[in-house]
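Read through the structure below, which is laid out as structure tokens, and then see the notes.
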Amino acid sequence: MKPSVVLYKTLPDDLRTRLDAHFNVTAIDGLTPENLEKYADAFRSAEGILGAGGKVDASLLDKAPKLRAASTVSVGYDNFDVEALNQRGVILMHTPTVLTETVADTMMALVLASARRVVEVAERVKAGEWQRSIGPDWFGIDVHHKKLGILGMGRIGLALAQRAHFGFSMPILYNARKHHEEAEQRFDAQYCDLDTLLKESDFLCISLPLTEQTHHLIGRQQLAKMKPGAVLINAGRGPVIDEQALIAALKDGTLHAAGLDVFEQEPLPVDSELLKLPNVVALPHIGSATHETRYGMARDAVENLIAALTGTVDKNCVNPQVLR
Ligand SMILES: NC(=O)c1ccc[n+]([C@@H]2O[C@H](COP(=O)([O-])OP(=O)(O)OC[C@H]3O[C@@H](n4cnc5c(N)ncnc54)[C@H](O)[C@@H]3O)[C@@H](O)[C@H]2O)c1
Ligand SMILES: O=C(O)[C@H](O)CO
């Protein structure tokens, strides 16, 4: 008999067909409390779950006693209680690598848009304000040759460093849990502590995961240490930055601008102060959102679940210790 799985994200037709060939699939539209109750039988018999978003914690796992594998269509897995998965021997699979270059493109787009005020001035053109040659009130700041600080030199940080080094002649500074030899050798990236990164970066780009250690890592004190007129970019996870402290730093001119793909609350509430600030470029968590990359992530998530439940896991596993 095919293993039962709960699918909580819509897949492209060919990937759904592939999933159906391996599993008895119950498709639901998200891990809402209502769906957990409505599809209680499906969760009770599920050996696998596949989807994106929603909390997977002990209370959900208690409803799925047969669960052996969870496959997320994302690289970030801060919405999973990994400790609870480990205790129950559940493998967690994710989709690193396939999205790395696309997310680095998004970060570079945020760097350029924030520095050159692309969104703000384009809106002014649409509003009919371009009536004569523009003056300094439309100008931005240069990107090329400025210092780019990367907080979180992992897969995405490295791909961003490549773009900044070769494309924009930017010196690279970085902070991470350990030295990144490839970044140092290929892009002449210099490791430094967080304080130095804050003080010296013209552009501080965050590509960190959300963990207990990174939650509000950037708060009032850290923002105060940043170079006057610096630009802050975040495409890691929203709660890495204390959003109220960021709003204050943008309002009092400590920062030139911010380019944000992620927020403490998503979707960003429409009454957020951030949306009232002209020096904020706010994107709706589109880091990996291209047709090609979102398809690749869904494909990898399907293959990950097939490997975890019916084959051999040799990559993309968050907690390989469970397999031993
Ligand atoms: N905006 C988006 O759509 C989007 C898309 C993909 C990933 N992300 C986010 O980006 C994160 C990074 O992805 P990745 O593939 O580069 O991951 P990765 O694991 O390759 O890199 C993470 C880096 O962060 C560093 N790090 C972790 N904790 C740290 C700490 N306390 N202090 C300093 N450095 C620390 C690690 O050393 C590593 O260098 C994901 O976890 C996810 O949250 C966002
Ligand atoms: O972690 C990721 O893959 C992206 O943020 C999408 O959730």
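Residues take their numbers from the sequence shown, with the count starting at 1. Every number for a ligand or one of its atoms is a count from 1 in the order of the listing. Just so you know, these numbers come straight off a predicted model, no measurement behind them.
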(message) Test your reading of the model: is there a side-chain donor-acceptor pair from Arg44 to the backbone of Lys66, 3.5 Å cut-off?
(response) no
(request) Examine ligand 1 and decide if any of its atoms is less than 4.0 Å from a heavy atom belonging to Thr100. (result) no
(message) Would Leu217 count as being in polar contact with ligand 1, using the rule that some N or O on each side must be under 3.5 angstrom apart?
(response) no
(message) Looking only at distances, can you tell me whether any N or O atom of Val73, backbone or side chain, sits closer than 3.5 Å to an N or O atom of ligand 2?
(response) no
(message) At less than 4.0 angstrom from any non-hydrogen atom of Ser288, what atoms of ligand 1 do you find?
(response) 3 (O)
(message) Any carboxylate oxygen within less than 4.0 angstrom of a Lys/Arg side-chain nitrogen, looking at Arg68 and Glu47?
(response) yes
(message) Closer than 4.0 Å to some heavy atom of Gly76 - which atoms of ligand 2 meet that?
(response) 1 (O), 2 (C), 3 (O)
(request) Closest by any non-hydrogen atom to atom 7 (O) of ligand 2: pick that one out of Met297, Arg294, His285. (result) His285
(request) Check if Thr211 has a non-hydrogen atom at a distance under 4.0 Å from any atom of ligand 1. (result) no
(request) Return yes or no for this condition: an N or O of Met153 is under 3.5 Å from an N or O of ligand 1. (result) yes
(message) Which of the numbered atoms in ligand 2 are under 4.0 angstrom from any heavy atom belonging to Leu99?
(response) 3 (O)
(message) I need the atoms of ligand 1 closer than 4.0 Å to a non-hydrogen atom of Asn175, numbered in the order shown.
(response) 33 (C)
(message) Show me which atoms of ligand 2 lie under 4.0 Å from any heavy atom of Val75.
(response) 1 (O), 2 (C), 3 (O)
(message) Using a plain distance cutoff, I'd like to know if Arg177 has any nitrogen or oxygen under 3.5 Å from a nitrogen or oxygen of ligand 1.
(response) yes
(request) Could you tell me which atoms of ligand 1, counted from 1 in the order shown, lie closer than 4.0 angstrom to a heavy atom of Val262? (result) 1 (N)
(request) With rounding to the nearest 0.5 Å, note down the distance linking CG in Leu160 to CE in Met153. (result) 8.0 Å
(request) Taking the six-membered ring of Trp138 (Phe, Tyr or Trp), confirm whether the NZ or CZ of Arg117 is under 6.0 Å from its centre and within 45° of its axis. (result) no
(request) May I ask you to check whether Phe168 and His144 place their ring centers less than 6.0 Å from one another? (result) no
(message) I'd like to check whether His285 has a polar contact with ligand 1, where a contact means an N/O of the residue lying under 3.5 Å from an N/O of the ligand.
(response) yes
(request) Could you check which of Gly76, Ala235, Ala159, Ser207 puts a non-hydrogen atom nearest to atom 8 (N) of ligand 1? (result) Ala235
(request) Could you pull out, from Leu208, Thr214, Thr293, Val75, the option with a heavy atom nearest to atom 34 (N) of ligand 1? (result) Leu208
(message) Considering both backbone and side-chain atoms of Asp261, is one of its nitrogen or oxygen atoms within less than 3.5 Å of a nitrogen or oxygen in ligand 1?
(response) yes
